[in-house]
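What follows is one structure encoded as structure tokens, with my remarks underneath.
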Amino acid sequence: MKPLDRLHDALGLRTSPRIFFPAALVAIIFVVGTILFTEQVDAAFAGASGWIMSNLGWFYILGVTVFLLFLVYLAASRFGRVRLGDQKPEHSGLTWFAMLFAAGIGSILMFWGVAEPINHYANPPMQDVEGQTQAAAREAIAFTLYHFGLHTWAIFALPALGFAYFMYRRNLPPRVSSIFQPLLGEKIHGPVGAAIDVVAVVGTIFGVGVSVGLGTLQINSGLNTLWGLGESRLVQVLIIVAVSAIAVVSVSVGLEKGIKRLSNLNIILAVGLLCFVVATGPTLFLVKGTIESVGIYASALPQLAFWNDTAGDSGWQNQWTVFYWAWTISWSPFTGIFIAKISKGRTIRQFVSGVLAAPVLFSIVWFGVFGWASFGIEQETPGELVGPVVEQGDVATALFVFLEHFPLTTVTQILAVVLVVIFFTTSVDSAGLVIDSISNGYEEEAPVRQRVFWTIAMGAVAATMLAATGEGGLAALQQVIIVVGLPFFIIGYVMIYTILAALKEDAGESPPVRALRWRRVLPPEEAARRTVDEEYDNDTFTVVPEIEPGQEPIPVDPILVEDDDEPATAGQPRP
């Protein structure tokens, strides 16, 4: 037995040692190394992120636009009729849209709902209009929706579509490596596939860690506004510990009792806060501004999708767009698997339309209301929001200063703190479940301690980025995530190739053409605990033995098919 296998069994785990231990080691090394060698680690990330922003910012911006165009093409093409699975959708349209909202948009809206529009209102990104004017307001809305509209959800939708297709059409494990099957073949079950999954797990840890960090800054600001708690690294670490503890409890009790209830609660509270702002604010002004935002976004999108600030070269995009894209794509495997699981049975056209349209429409409403309300406040009382948020740079306090201009200030501020806590708790515990799923393959009954470990790991990484780096707050989070996001953009381009290749192969456009139904393939570590003839959910599966480096693939017993004299082997299609 290999050393990792012995350690795996000694700890009573039920996962893939080749994925679990390397990913855990990277997280531990980052936390310990950053604490022990703060200056060196900080300098390394600052240098790497600086080089990437200066030389590869265009690559990030072009990449997301390419992802979006590919998804639109796929939905409009004849491949749009391909169904992701052999059954009708499990969820109604309304329920599906609600779960899409909960998948990854809540935490973003709470932090940036006021902060981003007011920043761009004071300092127009293109520097082509005067700040705090009507033209600046329109540009602010355009850029805000560019950042949180179709492009953000294209980042989530691309891996989600890959997961859904390879999980439900080819019955491969719920792992990032499965999407690479048309390119790597059987190697997805070997060291190469394990390496891809380790990168996905590490990226998710850091991506969610950044979200936890942002949420911590906002919670700290809210508590300071309400009760003068103060803003310090010690307080922020204590907040992370508390949020992680809540997430541990939630992830321990499971999906139905923990995550689902929290998700339903935060959606209700978020919509309630939105309606409160509309009802108690300048209602007509907000309704008109929100409707106008649709046209502003639609007209500006073609230009913004390819804008690289070539002439101005102000560096603005490095701090905003590049950071957003790197942050979003780093935790796209987590969101992608979740979206794939709730989308089984829908066609590709329905999938792309739903994933892009439903959350984007809500984003337009949310930023339309909070953005135009912020502009109205600033016009009536100049400096109220621009002063603390823009001039002093306290982005995390934006929502709480905003709520001071509405009735029931203390109540709504407490509600906002609760909302942020719930949003980030659901992000952490959902990510813990997904990371564990990537690690253990099909085995759903994994020990709770595995999910608890990943939950604690994400909290530890977030605390380290905030409290144990030379930079503070948002700057530290930006430096780390811009570096972590780079390999995911490369993986994104590969996903485009593999999804299209699989669709063409299964449609009979490229060899080998065998069939449209694929065997269920178990990872080696799980296969060792099962037998070849075992039934899994009334569906026959094939065991793929683990292959040592340099060793020829071990053939499995053939299964005869009615319409083909050739046997089907592991990883090959069957009728």
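Nothing here was measured: the structure is a model prediction, and the numbers come from that model.
With rounding to the nearest 0.5 Å, the separation of CD1 in I141 from CD1 in I364 is 10.5 Å. In this structure, CD1 in I499 is found 10.0 Å from CZ in F163, a value given to the nearest 0.5 Å. Summarising the geometry, atom CG belonging to L286 is positioned 10.0 Å from atom CH2 belonging to W372; distances are rounded to the nearest 0.5 Å. Between the CH2 atom in W327 and the CG atom in L214 there is a gap of 5.0 Å [rounded to 0.5 Å]. For the atom pair CZ (F334) and CZ (F156), the distance works out to 8.5 Å, reported to the nearest 0.5 Å. In this structure, CZ in F79 is found 14.0 Å from OG1 in T347, a value given to the nearest 0.5 Å.
Using a 4.5 Å cut-off on side-chain heavy atoms (C-beta onward), Y121 and L385 make no contact. Residues L433 and F338 have side chains not in contact (no heavy-atom distance under 4.5 Å, counting atoms from C-beta outward). By the 4.5 Å heavy-atom criterion applied to side chains, Q317 and N308 are counted as neighbours. Within the 4.5 Å cutoff, no side-chain heavy atoms of M167 are placed close to those of S178. Side-chain contact between V480 and V210 is absent, with no heavy-atom pair separated by less than 4.5 Å. The shortest side-chain heavy-atom distance between W325 and T152 falls under the 4.5 Å cut-off. The closest side-chain heavy-atom distance from R138 to E292 is below 4.5 Å. Contact check for V395 versus F111: side-chain heavy atoms found under the 4.5 Å cut-off.
Aromatic rings of Y493 and F59 (six-membered ring for Trp) have centroids within the 6.0 Å cut-off, being under it.
Checking side-chain atoms of D436 against main-chain N and O of R451 turns up no donor-acceptor pair under 3.5 Å. Side chain of S343 to main chain of F351: no donor-acceptor pair is present (N/O by atom type, distance under 3.5 Å, no hydrogens or angles). The backbone N or O of G485 lies less than 3.5 Å from no partner atom in the side chain of S330, so there is not a single donor-acceptor pair. Checked by atom type and distance alone, the side chain of S299 pairs as donor or acceptor with a backbone atom of I296 at under 3.5 Å. Under a 3.5 Å cut-off, the side chain of T409 and the backbone N or O of F406 do form a donor-acceptor pair. One N or O on the side chain of D197 and one on the backbone of V176 form a donor-acceptor pair closer than 3.5 Å. Within the 3.5 Å criterion, the main-chain N or O of V386 finds a donor-acceptor partner in the side chain of E378. Without hydrogens or angle criteria, W454 side chain to I435 main chain gives no donor-acceptor distance under 3.5 Å. No donor-acceptor distance shorter than 3.5 angstrom exists from the side chain of T335 to the backbone of S332, with no hydrogens or angles considered. R169 places a side-chain N or O within 3.5 Å of a backbone atom of R83 that can act as its donor or acceptor partner.
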Apply side-chain contact (heavy atoms from CB on, under 4.5 Å) to W153 and I339, showing your working. CA-CA 11 Å; W153 283 94; I339 294 175; 4.1 Å; yes
Give the intermediate values and the outcome of side-chain contact (heavy atoms from CB on, under 4.5 Å) for residues T321 and I61. CA-CA 7 Å; T321 309; I61 293 166; 4.1 Å; yes
L74 and L161: CA distance, side-chain angles, deciding distance, side-chain contact (heavy atoms from CB on, under 4.5 Å) verdict: CA-CA 11 Å; L74 211 59; L161 177 60; 3.5 Å; yes
Step by step, would you call E116 with Y324 a side-chain contact (heavy atoms from CB on, under 4.5 Å)? CA-CA 12 Å; E116 172 137 1; Y324 282 149; 2.3 Å; yes
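When all heavy atoms of Y297 and V360 are compared, the pair lying nearest together is CE2-CG1, 4.4 Å. In this structure, G368 and S293 approach most closely via the heavy-atom pair CA-OG, 4.1 Å. Counting all heavy atoms, side chain and backbone alike, T412 lies closest to P407 at CG2-O, 4.1 Å. A pairwise comparison of heavy atoms in I155 and I329 identifies CG2-CA, 3.4 Å as the closest pair. For F323 against I482, the heavy-atom pair with the smallest separation is CA-CG1, 4.2 Å. Closest approach of M126 and E139 over heavy atoms only: N-OE2, 2.9 Å.
Between F143 and W307, the two ring planes are perpendicular [angle over 60°; tilted spans 30° to 60°]. Using the six-membered ring where Trp is involved, Y73 and F70 have ring planes that are tilted, between 30° and 60° apart.
Paired with F402 under the rule side chain to side chain contact (heavy atoms under 4.5 Å, CB included), one option of T397, V389, I118, V277 passes, and it is V277. The ring-ring contact (aromatic ring centres under 6.0 Å, His included) with W112 is formed by just one residue from the set W366, W320, F367, F370; it is W320. Each of L301, V64, L71 was evaluated against L150; a single residue qualifies, L301, per the side chain to side chain contact (heavy atoms under 4.5 Å, CB included) test. Among V365, T283, T290, L273, the one residue that satisfies the side chain to side chain contact (heavy atoms under 4.5 Å, CB included) test with V278 is T283. Evaluated for a side chain to side chain contact (heavy atoms under 4.5 Å, CB included) with I239, the options V421, L466, T216, V212 yield exactly one hit, T216.
The environment of E404 atom CD is dense: over 12 non-hydrogen atoms of other residues, nucleotides or ligands sit within 6.0 angstrom.
A donor-acceptor contact closer than 3.5 angstrom links the side chains of T65 and H151.
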